[in-house]
Structure formats: C-alpha cells, structure tokens
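I have placed the structure first, in the form of structure tokens, so that the comments after it can refer back to it.
Chain identifiers are assigned alphabetically (A, B, ...) following the order of the sequence lines, protein sequences preceding nucleic acid strands; residue numbering begins at 1 within each chain.
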There are 2 protein chains.
Amino acid sequence: MKTRILYIEDEPFLARIVKETLELKGYEVHHKTDGTRITELVGDFRPDICILDVMLPNTDGFSLGNMIRNTHPRLPIIFLTAKTQTEDVIKGFASGGTDYLKKPFSMEELMVRIENQLRMAGAEKNNTDNVPEEIVMGKVRFYPRKYELLAADKVIKLSNRESQILSIFCNNRNNTIDRRMLLQTVWGDDSFFNSRNLDVYIRKLREYLSAEPNIEIITLKGKGYHFVVSASVI
Amino acid sequence: MKTRILYIEDEPFLARIVKETLELKGYEVHHKTDGTRITELVGDFRPDICILDVMLPNTDGFSLGNMIRNTHPRLPIIFLTAKTQTEDVIKGFASGGTDYLKKPFSMEELMVRIENQLRMAGAEKNNTDNVPEEIVMGKVRFYPRKYELLAADKVIKLSNRESQILSIFCNNRNNTIDRRMLLQTVWGDDSFFNSRNLDVYIRKLREYLSAEPNIEIITLKGKGYHFVVSASVI
DNA sequence: GATAATTAAGGTTAAATAAGGTTAATAGGA
DNA sequence: TCCTATTAACCTTATTTAACCTTAATTATC
C-alpha cells in the first residue's frame, strides 16, 4: 500500500510542484489549501505523515499541529515555513512538529526529511494504525478502538465524544491539556468556547474513572486540565 | 536517570558552550574532540542520542554516523555542520542521521531538536518526569504531580497557582527568590507587578506550611522571598 | 547619633468576578 | 424510538481586585 501524505499549503504554485514531485516518488498525496476540520481529515485519510505550511489564510499551521498531535501522538509532522526565527522553530516543535524546514527549501531536502521521518516513525508502524488496542491504567482499561472502558469490572460503552476526549487525555497523560486546544480539537471551532458542553463530558469521565483512585482529572482554572495517572498504575 | 548525550566536536570554544548548556539542562554529556573508536565509545557510554560535528580533523562525521548506525539502528543522531548544500543534507540523512542542523545555530534550537529526537525515539520521559513524585520537608509532604500537600496529617488539595508557586519555592529552597522573577514566571507579564495577588497566595502557603515549624517563607523587602527549610527536616 | 516622621513594600481580609461543575431538560439523528 | 449531543439554569470555587493595615527602610529633625 502506498504511503500517504497529508499536505496543507495555500500557495498554489508551490503546492503543485510539491504534490507532483511527491506523487512521482510514489506517495499518495492529499492536498488541501486550508486546515478546516483537520481532525476529521486526518481521521478519514489516515496519513502516514503530515506536511503543514505555517502561514495559512485562516488558522496557522501551528494550531493545526497541536490538534493533530492531540489525537495522534506519534504521527510525524513537518512544518514548512519562511519563518526562520529561533522562537518560531521552538514554537513548531512545541506544537507537535517532528521536523521543521525553512523556506525556500530544495525538493531533495524535503524528500530526505520525509523519508527520515517515516523511517523514524516506521519501526512500530506495522500496527494497524497508531491508535493502541488497549490502554491500562490500574484497575481501569480503555479500548479506544472499541469505544469501551472497563472499570470496576464493568464494561462501559463510551459514546463518540466521550471516547474522543478520553483518548486525548490518555495521549497527554501527566501533561497539561489546554482547554482551548481541547475544544478546538474536539469541536473544531470557536463557537463552543462559552458552552458548558465540555464540562458535561468531563463530569461523565470523572464518574467513569472514579473506580481507580490513582487516576484523576485535575482542573487548572484558566488553563485546562491535567490528567494525573500515578506511576504505580502505569 | 539522566539522559546521556555523546557529543563529538573539535572546536573547543563551541564545544564548551554546548556542553555547559546541555549539562545545565540536566543532561549527562560525554564530549570527545574526535571519533576514534566510536563503536566502542557508544557501546561503553550507551548514549540516548549522539550529536556529531561533520568537519573533524581525521574522519568526518558522516562516516561516524554510518558506523554508529550499523550497530545501533534506532539511536538518534544529529549532525551539526556549516555545510549547507542540499547534497550535504542528503548525505547526512543517508549516513544514518535523524536530524541535521546548520551552523551557526542557536542553542535553543539545538535544545528543542534534541528533545524532539528523544521524544520520537521514545527515550524521553514526558514533562512531568523531571517533576519529583514527592518532596519531604519534615512533617510536610508535597506531591507536585498530584497537586497535593500533606500537612498535619491532612491532605490539602492545592489549586493550580498554589501548586505552581510552591513548586518554585521548593526548587529554590534556601535560596533567594526574586519577586519580579516569580511574578514573571507565574503570570508571565508585567501587569501584575502592582497587584496584591501574589501576596494572597503567599499568605495561603504560609498558612498551609505552618504545620511544620522548621519551614518558613521569609520576606526580603524590596527583593523577594527566602524559602528556609532547616537542614534537620530535609 | 538618636529619635521621629515619612514612605514604600508587603500583609490581611473580604468582596467581586470569572471559570468551571452539576443536573435536568431539550433537540436531533440513526 | 432510543440514544447521544447540546443547551439551559443554577451552583461552587479559584482567582483577582479592592480597601485597609502593618512593618521595614529611608529621610528629616533635634
């Protein structure tokens, strides 16, 4: 099966060259000029690697990177950008990037960097995809592919949203999860920023997870959440 | 355990800066000016990542990369070089490199690239791993990862801000903590410099810590604070 | 130089605000 | 119809602000 590349770039001329070159190399390329509904896009197309331009008309590539990283912890992301300042590079890696290439770049350099990223990610890629079968956290087990949670010896069928949010939490265990990022990732736009919808799901997840005292969803008011999983249960 | 870095660089001035900066960040750095017996070196030191200068007096970094790659298929290797031609980059990746940084580079960029490589290789422990599980100060115990304080045999749930400030104090035990630095670190800007907000939190922390008489937050008027933890309780 | 006045820095307390939590009701899709 | 997702109304709490108090450091006066 062909290796799949998701490529977000708004400059049509550059985009065409890159796309054609990549296809010539035997890749399957999905090109978009903007990053609307990126989470669904990634979920549907299931790329092996993402190449994101940073300067985009509506959003910027960095927040796209963040959204992808939230749901796909090990998917390689290469940022392409004219921004050459150190702080931009730092931002790139902080936004989930696994490589950062400064424009203008040569096509050959892009190629070897893509191959390198695929090689690095590839060793354990023989799994169906990068969503794990089972995540064990003490007495609680989460089966993200089956939308099931095993807690207190009971199987709980999770809804789509519940499962999606729990996945993001699991992918960011013992790290700060930014509330805005979470809303962006799950709902994809700004309109939910003052709704209580997310809180309702947090409450449900807390209830499900209450079976395991070593797991806790801690609120960082004004920031987001911290999914604390004690070392003893990992 | 510390993350180990093998660093081959012949320019003494640059080498010193890089080594010191890396050590300050908590890495264990093994620096050599040439790559003789590189395979044994790697075998003995067992680095988590290698940083190789390309232009070396006897061998060149690329062949070192190849040698390392032969015996260690997944060890991250970053090449540092003034060579900026595309063909050199290609050669770098072909020689087993997993990243390629062009000189001159900023120390910050090197840092984030190292962290990125470690993360991708799976060696890196996530953010919270440099946060200790437990800090014992006499009768008081602080669990920064869980946002909990055990004082007078009671568990006190700390808020985000409380925990953040107490962490900073613990990291600077028996040292002067500059008030402006503290405000900057916690709130990130200048706008709180004349607010009483910080003082409110100091008061709360003093109250929590009052259970242990050998701990004290001392005010240095016009300077900041001194978090005094008597030797007897450490 | 000793003492009092002044002032700047920080402490205390309570109230205000903003951010989330909770619960139940409603909408909306297979 | 059943189940999930969303909204609405109301509740709780962390964080910030405001007002006033205390103390250390500085300056003025004797």
- Message: Please tell me whether A:Ser63 and A:Asn66 have a donor and an acceptor in their side chains that are separated by less than 3.5 angstrom.
- Response: no
- Message: For B:Glu108 and A:Thr86, which I'm curious about, is there any donor-acceptor pair between the side chains at under 3.5 Å?
- Response: no
- Task: Determine: side-chain N/O of A:Tyr225 to OP1/OP2 of C:dG21, distance under 4.0 Å, yes or no.
- Result: yes
- Message: Looking at D:dT4, I'd like to know if its phosphate oxygens (OP1 or OP2) sit under 4.0 Å from a side-chain N or O belonging to A:Arg161.
- Response: no
- Message: Is it the case that over 12 heavy atoms from other parts of the model lie below 6.0 angstrom from the NZ atom of B:Lys223?
- Response: no
- Respond yes when some side-chain nitrogen or oxygen of A:Arg206 is under 4.0 Å from OP1 or OP2 of C:dG21, and no when none is. yes
- Tell me: CD1 of B:Ile217 to P of C:dG10, nearest whole Å? 14 Å
- What is the nucleic acid contact for B:Lys204, judged by heavy atoms within less than 4.0 Å: base, sugar-phosphate only, or nothing? base
- So which pairs with a foot in residues 159-171 of chain A pass salt bridge (Lys or Arg N to Asp or Glu O under 4.0 Å), sequence neighbours left out? A:Glu162-A:Lys204
- Item | Interatomic distance, A:Glu207 CD vs C:dG21 P [rounded to whole Å] | 14 Å
- Considering only D:dT17, D:dT6, C:dG11, which nucleotide approaches the side chain of B:Val200 most closely? D:dT17
Produce the list of close N/O pairs, under 3.5 Å, pairing protein atoms with atoms of nucleotides 6-9 of chain C; give distances to one decimal.
{"unit_1": "C:dA9", "atom_1": "O3'", "unit_2": "B:Gly222", "atom_2": "N", "d": "3.4"}
{"unit_1": "C:dA9", "atom_1": "N3", "unit_2": "B:Lys221", "atom_2": "NZ", "d": "3.3"}

- Message: Please tell me if B:Asn197 has a side-chain N or O lying less than 4.0 Å from either OP1 or OP2 of D:dT15.
- Response: no
- Query: Does the pair A:Asp99/A:Arg113 count as a salt bridge with the N-to-O cut at 4.0 Å?
  - Reply: yes
- Message: Just to be sure I understand the rule, does A:Tyr147 reach a base, reach only the sugar-phosphate, or reach nothing, if contact means heavy atoms closer than 4.0 Å?
- Response: nothing
- Would you call the rings of A:His31 and A:Tyr7 parallel, tilted or perpendicular, where under 30° means parallel and over 60° means perpendicular? tilted
- Message: At less than 4.0 Å, is any side-chain N or O atom of A:Ser159 found next to OP1 or OP2 of D:dC3? Yes or no.
- Response: no
- Note on the structure: B:Leu198 CG to D:dT17 P, in whole Å, measures 13 Å
- Note on the structure: Taken to the nearest whole Å, CZ/B:Arg203 to C1'/D:dC20 is 15 Å
- Note on the structure: Rounded to whole Å, CD of B:Gln164 lies from C1' of D:dA14 at a distance of 13 Å
- Task: Report the C-alpha separation of A:Arg179 and A:Tyr225 in whole Å, then their side-chain angles, then the decisive distance to 0.1 Å, and conclude whether the side chain to side chain donor-acceptor pair (under 3.5 Å) test is met.
- Result: CA-CA 7 Å; A:Arg179 192 183 161 96; A:Tyr225 295 95; 3.2 Å; yes
- Query: Quick one: is D:dT6 close enough that its OP1 or OP2 comes under 4.0 Å of any side-chain N or O from A:Trp187?
  - Reply: yes
- Atom-pair distance (CD1 on A:Ile165; C1' on D:dT6), nearest Å: 12 Å
- Query: A:Ile218 CD1 to D:dA14 C1': how many Å, rounded?
  - Reply: 14 Å
- To the nearest angstrom, how far is B:Ile177 atom CD1 from C:dG10 atom P? 14 Å
- Task: Give a yes/no answer on whether the side chain of A:Thr219 brings an N or O atom under 4.0 Å of OP1 or OP2 in C:dA19.
- Result: no
- Item | salt_bridge(A:Arg16, A:Glu20) N-O dist < 4.0 Å | yes
- Query: Taking the side chain of A:Asn160 as its heavy atoms from C-beta onward, which of D:dT16, D:dA5, D:dT15 lies nearest to it?
  - Reply: D:dA5
